[in-house]
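Structure first, then comments.
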Amino acid sequence: MRYLPSSPAEDRALLDTIGVARAEDLLSGIPEPLRLKRGLDLPTQGSEQEVAWQMMDLANRNTRFCAQFLGAGAYDHFVPSAIDAMVGRQEWFTAYTPYQPEISQGTLQHLFEYQTLICDLTGLDVTNASLYDGGTACVETALMAVRVQKKRHTVLVSQGLHPLYRQVLRTNFAPHDGLKLVEVGLKDGVTDLADLQAKLNGDVAAVMVGYPNFLGAVEDLTALAGPVHAAGALLVSVTQEALAFGWLEAPGKAGADMACGEAMSFGNKPTFGGPFLGFLAVKDAHKREIPGRVVGQTKDLDGRTGYVLTLTAREQHIRRDKATSNICSNQGLVTLRANLFLQLAGPEGLKGLAEQNAAKAQHLRQRLLDLPDMEPVFDQPFFNEFVLRYKGDMAALQEACLAESLLPGLDLGRFYPEYQGCILWCATELHTRRMIESLVEILARVPATV
């Protein structure tokens, strides 16, 4: 987007209108220690071309990675150029809140198609028109489960859930008196069934497990569903890498009552941390409690197919004090990209991409295990992420990779003390054999075991 400058007189008029003496006063909400106490080191004026060159010089200071083996919730996948071309069409520029169906059929139709695709992937009946991201989708699902279960106030959360998702859950549960969030431990990289059964009681509304979990392991939803349902609770699957749906059984068919998570892998780039795309799907019996927007298909007076917002009241979106949820904005443009990606790929294309991810992750794991300082931590099925223990110098490994413009996997010690010295590695369809061999060669030169 081009910058359109305003004159000093226009700036003064704007500030006077809002009653502010200086533009800097608008930054009063930023803590004093975080504010820059000097002007930017930039020329005071310049032509458009000169400014563009200056910005390019600044951008070139960023590290450009020739390959990255980091996943942990944000995944780098190929995005066809057709998606950028199609979302750039003029009719999408102002699409946001389709309250008036007579002028919003295009937006409503693509949201309905997106909902249909998410239902197909999750094996469940109803989904909403998207949420902010995987973390807030977890919150909405947990609170919805409590509403559905009525007199139950506890949600069990596997420690295999993304650590940041669990942090978002704790933050949002804190203001709710009476609601409890209890974590369930791990055993061999997956949810500890014995610990889960010990914590299941009549107050548990739902149990949330990763699918795959943060450590890359694929949880056995069918095995977990038995004790969870026997206790009268709901089983919620949380998927942070939606491309796994092209490889794994749909959670609804494996025993999950609700499925939520992150779908940014469909047609979106992680860039500098977003935008993301939360999804939430439920069984038909629970559709009345689903937060956010839901688009339905109908017929007009002439019998023509049309699309409208349905089920939820307008208060869901514009009146915080009356709404069931206050985190229900629709990620319209990101949702459109996901819709286009899935329709361009089709069922066979999505399966083929997922197979590439799984195969390349298997190859990466085997090549890393050929190094003397790498060893397996547990033996569980995985999709495109896995954990290995590194017996060498972690700082030296990271420095060696960055020096060659390679981004290594995540040091798990940051989130799991018990996995100190372990690395979460990721491979996608973008990783070539040459990239993997380059990584192995670099790691082979890192100093031996310390």
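- Looking at H286, K287, R288 one by one, the single match for side-chain hydrogen bond (donor to acceptor under 3.5 Å, both in side chains) with D284 turns out to be K287.
- Checking each of Q109, E113, Q115 against N339 for a side-chain hydrogen bond (donor to acceptor under 3.5 Å, both in side chains) leaves exactly one that passes, namely E113.
- Taking CZ from F266 and CG from L353, the interatomic distance works out to 9.5 Å, rounded to the nearest 0.5 Å.
- Applying the ring-ring contact (aromatic ring centres under 6.0 Å, His included) criterion to F276, with sequence neighbours excluded, gives no partner residue.
- Interatomic distance, CG of D373 versus CG of L443, reported as 9.5 Å (0.5 Å rounding).
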When you look at K151 and D203, which way does the salt bridge (charged side-chain N to carboxylate O under 4.0 Å, His left out) test go after all the steps? CA-CA 7 Å; K151 296 184 179 180; D203 191 50; over 6 Å; no

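- Residue pairs meeting the salt bridge (charged side-chain N to carboxylate O under 4.0 Å, His left out) criterion with at least one member in residues 430-440, sequence neighbours excluded: R367-E437.
- Sorted by first and then second residue, the side-chain hydrogen bond (donor to acceptor under 3.5 Å, both in side chains) pairs with a member in residues 219-246 read Y75-Q240, H77-E241, T191-E219, N213-E219, H229-D257, E241-S265, E241-N384; sequence neighbours excluded.
- We find the CE-CG distance between M208 and L234 to be 11.0 Å, quoted to the nearest 0.5 Å.
- Atom CG of L430 sits about 8.5 Å away from atom CG of N357, to the nearest 0.5 Å.
- In plain terms, the two heavy atoms of L280 and A137 that are nearest each other are CD1-O, 4.4 Å.
- Counting heavy-atom neighbours within 6.0 Å of Q105 CD, excluding the residue itself, gives a total above 12.
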Step by step, work out the salt bridge (charged side-chain N to carboxylate O under 4.0 Å, His left out) result for E32 and R35. CA-CA 5 Å; E32 185 69 27; R35 298 187 210 172; 3.4 Å; yes

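- Contact check for F378 versus L215: side-chain heavy atoms found under the 4.5 Å cut-off.
- A 4.5 Å side-chain heavy-atom check between L371 and V440 finds at least one atom pair inside the cut-off.
- Between F69 and W425, the ring planes are perpendicular. Angles over 60° get that label, and only those under 30° would be called parallel.
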Worked verdict on K150 versus E289 for salt bridge (charged side-chain N to carboxylate O under 4.0 Å, His left out): CA-CA 11 Å; K150 299 189 185 306; E289 291 292 341; 5.5 Å; no

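- Looking only at side-chain heavy atoms (C-beta outward), L248 and Y211 come within less than 4.5 Å of each other.
- More than 12 non-hydrogen atoms from other residues, nucleotides or ligands lie less than 6.0 angstrom from CE of M435.
- No side-chain N or O of S81 forms a donor-acceptor pair with one of D84 less than 3.5 Å apart.
- The shortest side-chain heavy-atom distance between L277 and R337 does not fall under the 4.5 Å cut-off.
- Contact of the Y419 side chain with the V377 side chain is registered, since non-hydrogen atoms from C-beta on lie closer than 4.5 Å.
- Considering only heavy atoms from C-beta on, M144 stays 4.5 Å or farther from E140 through its side chain.
- The stretch residues 142-173 participates, sequence neighbours left out, in these ring-ring contact (aromatic ring centres under 6.0 Å, His included) pairs: H162-Y165, H162-F214.
- A 4.5 Å side-chain heavy-atom check between F65 and L402 finds at least one atom pair inside the cut-off.
- Annotation: side chain of V282 is not in contact with side chain of N128 (no heavy-atom distance under 4.5 Å).
- Side-chain atoms of T305 and K299 form a donor-acceptor pair, as typed in the model, at a separation below 3.5 Å.
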For a quick test of your reading: what N or O donor-acceptor pairs under 3.5 Å do the side chains of residues 405-416 make, sequence neighbours left out?
{"residue": "D411", "atom": "OD1", "partner": "G413", "partner atom": "N", "Å": "3.1"}
{"residue": "Y416", "atom": "OH", "partner": "Q159", "partner atom": "O", "Å": "2.6"}
{"residue": "Y416", "atom": "OH", "partner": "R166", "partner atom": "NH2", "Å": "3.2"}

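- With values rounded to the nearest 0.5 angstrom, I436 atom CD1 is found 14.0 Å from R365 atom CZ.
- Each salt bridge (charged side-chain N to carboxylate O under 4.0 Å, His left out) pair with one or both residues in residues 261-276, not counting sequence neighbours, appears once here: D76-K269.
- For the atom pair R445 CZ and E404 CD, the distance stands at 5.5 Å (nearest 0.5 Å).
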